Amino acid sequence: MYLLSFTSQSFGSIQQRGVNMARINPLKSLGVLRPAFIMALILLLAACATSRPQTSTLQNSNADATAYIVNDQTTDFARFAPLFIAEQTDKSLNRIGTPRARLDQHGNIRIGIDANKPTVYVDRQTFTTATGRYTNLIYRIHFQETPFSLFPFHITAGNNNGLLTVVTLNASNRPILLTMVHTCGCFLAMVPTQYLPASAYPADWETDSQWIYGMTLPGLLELPEPLDADSRIAIFLKDETHRVMDVQILSQAEITQHFHNETLGIAPVDELMNLPVGDGTTSYFETEGSRKGYVKGSHKPFERLLISWWALDWRVGEDKAYGDKNDTGTVFYTSLKPWNRQASDMWPFAEFLTFWGWGL
């Protein structure tokens, strides 16, 4: 287990447009942020020093791991929905849940996650580049919390956090790219499939594997042909931090043999804007004020203390809505450098891909 979990935004700022970190001078690239970088690097090295091997995620899965699976295959959302495998689901904080709203004793609205009912929220987005027209299938899941902990230290500790997974389809309706990121914009990871031309990869891309802030993920995902109900894209999630530990293709037999199976409900993302409470409804996100677009009840005190002052963002690490900034009120940025805040916004997906070096 890691001694430390650190937000991708802290180190995403030193990873320029897909360039391998080993091939650049991070201190030079950070300039005036050198002291903060040195501190962060020391912490990161401490985190990685005790990381467990990830070469056999399937075999090493613990007995309390649960595979959350969308069983319906009648729509593209269901057909391409990833399988989420969560560790130690005997603890409610590791179970995928459903956002709920309630009134406290003073009549104030409180948001929490019902860990007894798993739901994935979906949305669709199309975008066009010089090479064609593409479709994003967007999947959003939620957890009760990342717990406060000093040993190991979870800098991302806070409530109502989540994970976004975007499956990008080409004009032939084949998945070409898998994008995973926490709903704060942290821990961005992108995995191409064999259907994405190699010419579209970032410079120096390694197809064998990639290192994402302490986790080793594949650099290329070979999908079966056809991708049907017997073969699923499986995303392995770490205990407590809900980090993506691995991505594999699993058969239904492997899923049944190795994990508890639980049906993952599917709902449109618009339902998050209309959670029942009292005699009416409320949004999962703040709709006005300085926290407009942020998840209600999502606060990250450690990230604020250790990162906000040099990232120039008081709300760094707080979970947020994913959408057009003009509608949500907040930018879904994926690079911590203040001068890259707009350019790394993930919603204008074509520009986002260009920023990170992808040549679609």
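In this text, all values refer to a predicted model and were calculated from it rather than measured experimentally.
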Q: For side chain to side chain donor-acceptor pair (under 3.5 Å), just list the numbers for Ser92 and Gln144, CA-CA rounded to whole Å, side-chain angles, deciding distance to a tenth of an Å, and then say yes or no.
A: CA-CA 8 Å; Ser92 63; Gln144 289 179 340; 2.9 Å; yes

Checking Lys325 now: which residues fulfil salt bridge (charged side-chain N to carboxylate O under 4.0 Å, His left out) with it, not counting sequence neighbours?
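Scan of Lys325 (salt bridge (charged side-chain N to carboxylate O under 4.0 Å, His left out), adjacent residues dropped) gives none.
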
Task: Phe349 and Phe352 aromatic ring geometry - parallel, tilted or perpendicular at 30°/60° bounds - done: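 Tilted.
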
_For the residue pair Thr334 / Trp356, report whether a side-chain donor-acceptor contact shorter than 3.5 Å exists._
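Result is yes, a qualifying pair exists.
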
inquiry  = Applying side-chain contact (heavy atoms from CB on, under 4.5 Å), can you list everything that pairs with Ser209, at least two apart in sequence or on another chain?
reply    =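 Here the qualifying residues are Thr216.
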
(message) Using the side-chain contact (heavy atoms from CB on, under 4.5 Å) criterion, which residues pair with Ser298? Sequence neighbours excluded.
(response)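 Ser298 satisfies side-chain contact (heavy atoms from CB on, under 4.5 Å) with Arg291, Val295, Lys300, Glu318, Asp319 once adjacent residues are dropped.
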
Output side-chain donor-acceptor pairs under 3.5 Å for residues 264-275, partner residues at least two apart or in another chain, one line each.
unit_1	atom_1	unit_2	atom_2	d
Asn274	ND2	Asp270	O	3.3

Which value, rounded to the nearest 0.5 Å, describes the distance between Asp230 atom CG and Ile249 atom CD1?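 CD1 of Ile249 is found 11.5 Å from CG of Asp230.
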
Original post:
With side chains defined as the heavy atoms from C-beta onward, is the minimum distance between Val166 and Met180 less than 4.5 Å?
Top reply: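 No, too far: nothing below the 4.5 Å cut-off.
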
Arg140 to Tyr322, cation-pi by 6.0 Å centre distance and 45° axis angle:
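No cation-pi geometry.
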
* Pairs where residues 284-305 contributes a residue and the test ring pair (Phe, Tyr, Trp, His ring centres under 6.0 Å) is met, not counting sequence neighbours ->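 Output for this query lists His142-Tyr284, Phe148-Phe302, Phe153-Phe302.
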
Between side-chain atoms of residues 105-112 and protein atoms elsewhere (two or more places apart, or another chain), which donor-acceptor pairs fall under 3.5 Å?
unit_1	atom_1	unit_2	atom_2	d
Arg110	NE	Asp104	OD2	2.9
Arg110	NH2	Asp104	OD2	3.1

NZ/NE/NH1/NH2 to OD/OE distance under 4.0 Å, Lys91 and Asp239: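 The answer is yes: the pair qualifies as a salt bridge.
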
